[in-house]
*Asks:* 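Have a look at this one before I ask anything.
Whatever order the structure lists ligands and atoms in, that order sets their numbers, starting from 1. Every value quoted in this text rests on a predicted model; they were computed, and no experiment measured them. Scope of the values below: all heavy atoms of this structure, side chains included, with no hydrogens, waters or symmetry mates.
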Amino acid sequence: MKLYFVLIITVCTVFFSKAQQRQFTLVIHGGAGTILKSNMSAEKEAAYRAALEKSLKAGYKILENGGKAIDAVEAAIMVLEDDPHFNAGKGAVFTNEGKNEMDAAIMDGNTLKAGAVASVTTIKNPITAARAIMDRSEHVLMVGKGAEKFAALQGCTIVDPTYFFTKERWEDLLKAKHEDSLKQNKLLYQPSLLKQPDNHDYKYGTVGAVALDSYGNLAAGTSTGGMTNKKYGRVGDSPIIGAGTYANNATCAISGTGWGEYFIRLVMAKSISDRMELAGMSLQDAANEMIMKKLPALGGDGGLIGIDKKGNIAMPFCTEGMYRGYIKSNGEMQIEIYKE
Ligand code: ASP
């Protein structure tokens, strides 16, 4: 009996230490867009890098202690939501009506459970509300006042909408409105201009994270203020499961950033997962095909981060740059902003 007991303990110890030894990886993004070195001051770049590093380290700490991918994703995103440099949480972009309306989603690749919020204006960290919906409701997506009520009942931090204000984003709105009015005037005389795409690049800045934990589970999350000057009630791709956010242990975890309407129309994240599952493509090939070919072919732009069950990473984008980075279980960390 005693011997039997010792044997079980030994087997369990070996099993759990093996699980602990398995590798984990966290990948994050802080949005894609026209991010040129020539437009960036050294101070600003350092601030972006510091925020991305803080986010990676927050997630790493969880994974290193044997935590789950879903927890690492949530923690990494919260850091970026709290940082005013990114278009999520504090620093979210403004709608046409001068409000901050945020969207977020989270998905667990192990259970295919997901939670999302859209058009919320008072939840300090929308990703925590998405998580609460996933864990503690029978729903996947809740919007507006209802989502805010649920979040408050679940203990998410509620703030006054003025908390999200930043001067830079307000100026982006004025710029976007000015460009819109110029376009409207021109259209009166030159309807052919309708066919020309807008410059949407400076309106991005969504944040996201994907992770593989030491148990082999994948998770993805995305949080955003959407796009500057978006019209009343507009919801982007970020909270749409399968468009801007998706995770499935059988294939990959994806978080997107870019012109959301195109990500929705392409069912971006799920299309990558399907290419892997049904056509046997690698994550890199599937992500490249969608971001570098299908997205621009339709007239959209943006990028994404992805990770597969083996820990392979993809971070393609068809814009000038994308704030991005990863950290692996051995501590190897990389943060990039511009094109190679
Ligand atoms: N994808 C987001 C949206 O369309 C914008 C972004 O990536 O910054 O809402």
*Asks:* Check each atom of ligand 1 against the heavy atoms of M227 and keep those under 4.0 Å away; list them by number with element.
*Replies:* 4 (O), 5 (C)
*Asks:* Check whether any N or O atom of T224, backbone or side chain, sits under 3.5 Å from an N or O atom of ligand 1, and answer yes or no.
*Replies:* no
*Asks:* Going by distance only, is there an N or O of G205 that falls short of 3.5 Å from an N or O of ligand 1?
*Replies:* yes
*Asks:* With a cut-off of under 6.0 Å to the ring centre and 45° to the axis, is K328 in cation-pi contact with F24?
*Replies:* no
*Asks:* Starting from the C-alpha separation in whole Å, work towards a yes-or-no answer on side chain to side chain contact (heavy atoms under 4.5 Å, CB included) for L52 and Y323.
*Replies:* CA-CA 8 Å; L52 292 168; Y323 299 103; 4.0 Å; yes
*Asks:* Could you check whether E101 and T95, counting side-chain N and O atoms only, form a donor-acceptor pair closer than 3.5 Å?
*Replies:* no
*Asks:* With the threshold set at under 4.0 angstrom, would you say G258 reaches ligand 1 through any of its heavy atoms?
*Replies:* yes
*Asks:* Name the option, out of R234, K230, M322, E261, that contains the heavy atom nearest to atom 4 (O) of ligand 1.
*Replies:* R234
*Asks:* If only side-chain N and O atoms count, and only distance matters, is there a donor-acceptor pair under 3.5 Å linking S255 with T245?
*Replies:* no
*Asks:* Could you say whether the N/O atoms of T257 and ligand 1 ever approach to under 3.5 Å?
*Replies:* yes
*Asks:* Polar-atom distance check: G236 versus ligand 1, any N or O pair below 3.5 Å?
*Replies:* no
*Asks:* Which of these, K230, R234, K231, sits in a salt bridge (Lys or Arg N to Asp or Glu O under 4.0 Å) with E261?
*Replies:* R234
*Asks:* Can you sort out which atoms of ligand 1 are near G226, meaning under 4.0 Å from one of its heavy atoms?
*Replies:* 5 (C), 9 (O)
*Asks:* My understanding is that only residues two or more places apart in sequence, or in another chain, count here; which of them pass side chain to side chain donor-acceptor pair (under 3.5 Å) with T121?
*Replies:* E148
